[in-house]
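In listed order, ligands and their atoms are each counted from 1. Source: prediction; values computed, not measured.
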Amino acid sequence: MRLASYFMPTLKEDPSEAQIVSHRLMLRAGMIRQVSAGIYSWLPLGFRVLKKIEQITREEMDAAGCLELLMPTLQPADLWRESGRYDDYGKEMLRIRDRHDRDMVYGPTNEELITDIFRHSIKSYRDLPKNLYHIQWKFRDEVRPRFGIMRGREFFMKDGYSFDLDYDGALRSYFNMYLAYSRTFRRMGLSAIPVKAESGAIGGDLSHEFLILAETGESQLYYDQQITELDAESIAADADAETITQFLGRYYAAVDNKHTDWADSGVPQARRREHTGIEVGHIFYFGTKYSEPLGASVAGPDGSEVSVHMGSYGVGVSRLVGAIIEASHDSDGIVWPEAVAPFKVGLINLKPGDAACGDAARELYDGLRRAGIDVLYDDTEERAGAKFATMDLIGLPWQVTVGPKGLRGGTVEVKQRRNGDKEEVSLASALSHLSAA
Ligand code: ATP
Ligand code: MG
C-alpha cells in the first residue's frame with residue numbers, strides 16, 4: 001500500500017475526548033472515527049487490525065472443532081419472550097418496531113437465536129456434541145460507553161454456543177473452549193489470565209473471564225502468580241470431568257466482588273498479585289437454562305427426551321484492538337504484536353524526488369509484496385521527522401528507511417519498532433531479513 005494514495009487521517013495533537021491511551025492512539029493513528037456515543041466507523045488502518053483479530057479467532061475456533069455460521073443482528077422479540085429475557089434484559093437492549101408493528105431487538109447476544117436454530121434441526125443425541133459460532137456485531141445500550149471501542153454500544157464479538165447431552169460432555173466442551181481461548185489470546189501476543197467468575201445476567205454454574213493486565217482495566221484482579229505459568233495443554237482435551245474440574249480450580253484468581261480476603265485464598269504471601277485487568281473473553285456453562293424454556297431437546301440413547309446442556313463463549317473482537325494497544329505501546333505510539341499488525345513493514349522513502357531513492361524503495365516495495373509481506377510504503381513528500389513520527393505512532397513491527405546517504409554506501413536502515421534496534425543492511429539482505437523475520 002502506498003501512503004500517498006491511502007486513507008489514514010492521523011492527528012498531531014492528542015484528542016481531548018480520549019481518556020485512555022488506546023483510545024488516544026487509535027484516534028491519532030486514524031484507525032477509527034466516532035459516529036455517536038459508543039458507535040464508531042473503522043477506517044482502513046483500524047479495519048485491518050480488526051480483521052486480523054477476527055481471523056485469528058476464527059482459525060482457533062475452527063481448529064477446536066467449532067462450526068462457523070452467521071446469524072443476523074436483528075432478532076424477533078418473541079424469541080426473547082420465550083426465554084423470559086425480553087423483560088429481564090432491561091435498558092441495555094435496543095428495542096425496535098418494524099412497519100408491521102412487530103417488536104424486534106438488535107441482538108446483544110444470541111443464546112435464544114442459536115437455541116431456536118438447534119431445536120428445529122437437531123433431534124438425536126447422535127448429532128451431539130455441536131459447537132456453533134459466529135462473528136457478528138452486537139448492540140448493548142451501555143449506560144456509560146467510554147474508552148473508545150473498549151466499551152462501545154455497537155461492538156464486534158465472536159460468540160459461540162455448545163450443545164451436549166449431559167454435564168460431563170458439556171464440561172469437556174467448556175474445557176475445549178478454555179484451551180482454545182488461551183491459544184487465541186497467546187497468538188495475539190497477549191497473556192490472558194483465566195478468572196473464575198460469577199455468571200451474572202446469563203446465570204449458571206461455571207464461568208471464566210479472560211483478563212489481560214493493563215493499567216486502565218475496569219476490573220480489579222487478585223491472582224496467584226503461578227496461574228500465569230499454568231500450562232493447560234498438559235491436560236488432554238478429552239480428560240474426565242474430575243481431572244478438568246481439578247485443573248480449573250488449581251490456582252487462585254478472582255475479580256473485585258469475588259475476592260474477599262487474601263487470607264482465605266490459600267495463596268502464599270510471595271505469590272499474591274493485584275492488578276487491574278481488561279476482560280477480553282468470557283466462557284459460560286449454564287446447563288439447560290435456555291434449552292428447557294425453548295424446548296431444545298434430543299432423544300437420548302434410551303429414547304427419552306433430554307434437554308441439552310449448553311454453554312456460551314464470547315471473545316470481544318473489537319475490544320481486543322484497544323486492549324492489545326493498552327498492553328503494547330510506548331511514549332511514541334502503538335507497538336503491534338506481529339500477528340495483529342495492520343502491516344508488517346513500514347517502508348520510508350526519505351527523498352521521493354530522488355531517482356536512486358525512488359528506484360531502491362520501489363525495488364524493496366515490489367520485492368516485499370512478492371514475498372507476501374504486507375507493507376505500507378511512505379512515498380509522500382512529508383519531511384523526514386514527520387515520517388518517522390507517523391511510523392512510530394502506527395507501530396508497524398519493522399521500519400525500513402531508504403535515504404540518499406545510505407544508498408551511496410548501498411545500504412538501507414532496518415529498525416525494529418519493539419526495541420528500537422537499528423541495522424544498516426544492503427538492499428538484498430533487507431529483503432531476505434524481513435522475509436525471514
Ligand atoms: P463487561 O463485563 O465488560 O461489561 P460482559 O461480561 O457484559 O462485559 P459478555 O457478555 O461476557 O460481556 O461478552 C463477551 C465479551 O464481549 C466480553 O468479554 C468483552 O470482551 C466483550 N464486550 C462486552 N461488552 C462490550 C462492549 N460494550 N464493548 C466492547 N466489547 C464488549
Ligand atoms: Mg463477561
Side-chain angles (χ1 to χ4, degrees), residues 20 22-23 26 32 34-40 42 46 49-50 53-54 56-57 61 73 85 88-94 106-112 114 133-161 174 177-178 180-182 184-185 188 190 192-204 206-214 216-221 254-258 276-286 289-290 311-327:
I20 61 168
S22 59
H23 189 195
M26 286 182 77
I32 50 168
Q34 184 175 320
V35 177
S36 74
I39 302 179
Y40 289 83
W42 291 78
V49 179
L50 187 68
I53 292 172
E54 177 188 3
I56 291 175
T57 308
M61 292 307 114
T73 52
R85 280 209 292 184
D88 290 352
Y89 216 97
K91 289 193 165 169
E92 276 196 14
M93 186 144 82
L94 181 65
Y106 193 122
T109 176
N110 282 51
E111 281 80 7
E112 284 78 359
I114 198 77
Y133 77 98
H134 74 162
I135 307 177
Q136 176 64 290
W137 292 93
K138 305 287 183 290
F139 195 95
R140 294 182 190 172
D141 208 349
E142 302 270 355
V143 190
R144 278 187 70 206
R146 58 192 177 139
F147 303 153
I149 45 81
M150 292 251 273
R151 184 166 294 286
R153 291 198 297 163
E154 190 181 33
F155 60 97
F156 204 38
M157 194 210 280
K158 186 287 297 184
D159 44 321
Y161 305 88
Y174 181 90
M177 284 297 96
Y178 179 100
Y181 274 41
S182 307
T184 303
F185 299 127
M188 295 175 190
L190 298 169
I193 298 179
V195 184
K196 229 173 168 173
E198 238 150 13
S199 328
I202 297 184
L206 187 57
S207 162
H208 282 82
E209 290 176 350
F210 287 79
L211 276 87
I212 60 164
L213 302 180
T216 45
E218 291 185 287
S219 317
Q220 183 66 25
L221 173 61
V255 281
D256 315 288
N257 49 349
K258 271 242 163 170
T276 44
I278 300 170
E279 181 191 322
V280 290
H282 200 163
I283 60 177
F284 291 98
Y285 160 73
F286 46 72
K289 185 175 157 83
Y290 298 97
S312 80
Y313 314 94
V315 170
V317 174
S318 54
R319 175 178 288 180
L320 273 161
V321 180
I324 291 170
I325 297 175
E326 290 294 330

Donor-acceptor side-chain pairing of Thr276 and Gln220 below 3.5 angstrom: no
Separation between CE of Met177 and OG of Ser182, rounded to the nearest 0.5 Å: 10.5 Å
Trace of the side chain to side chain contact (heavy atoms under 4.5 Å, CB included) decision for Glu279 with Arg319: CA-CA 9 Å; Glu279 181 191 322; Arg319 175 178 288 180; 3.9 Å; yes
Closest His282 atom to the Mg ion (ligand 2) [N, O or S only]: ND1
Side-chain H-bond candidate by donor/acceptor type, Tyr174 with His208, under 3.5 Å: yes
Winner among Glu218, Arg140, Glu92, Arg151 once heavy atoms are compared against atom 1 (P) of ligand 1: Arg151
CZ-CH2 distance between Phe155 and Trp137, expressed to the nearest 0.5 angstrom: 10.0 Å
Atom indices of ligand 1 within 4.0 angstrom of Met150 heavy atoms, with elements: 28 (N), 29 (C), 30 (N)
Pair Tyr106-Glu154, side-chain donor/acceptor within less than 3.5 Å: yes
Proximity of Glu209 to ligand 1 by residue part, where a heavy atom lies under 4.0 Å: neither
N/O separation below 3.5 Å, Val315 to ligand 1: no
Proximity flag Gly152 to ligand 1, non-hydrogen atoms under 4.0 Å: yes
Separation between CD1 of Ile114 and CG of Asp159, rounded to the nearest 0.5 Å: 8.0 Å
Closest candidate by heavy atom, reference atom 13 (O) of ligand 1, pool Glu279, Met157, His282, Arg319: Met157
N, O or S from Glu279 under 2.8 Å to the Mg ion (ligand 2): yes
Side-chain H-bond candidate by donor/acceptor type, Ser207 with Glu209, under 3.5 Å: no
Heavy-atom nearest option to atom 23 (C) of ligand 1, drawn from Phe156, Tyr313, Phe147, Phe155: Phe155
Arg153, any N or O under 3.5 Å of ligand 1 N or O: no
4.0 Å heavy-atom contact, Thr109 with ligand 1: no
Ile149 near ligand 1 by a heavy-atom separation under 4.0 Å: yes
Val280: numbered ligand 1 atoms lying under 4.0 Å from its heavy atoms: 18 (O), 20 (O)
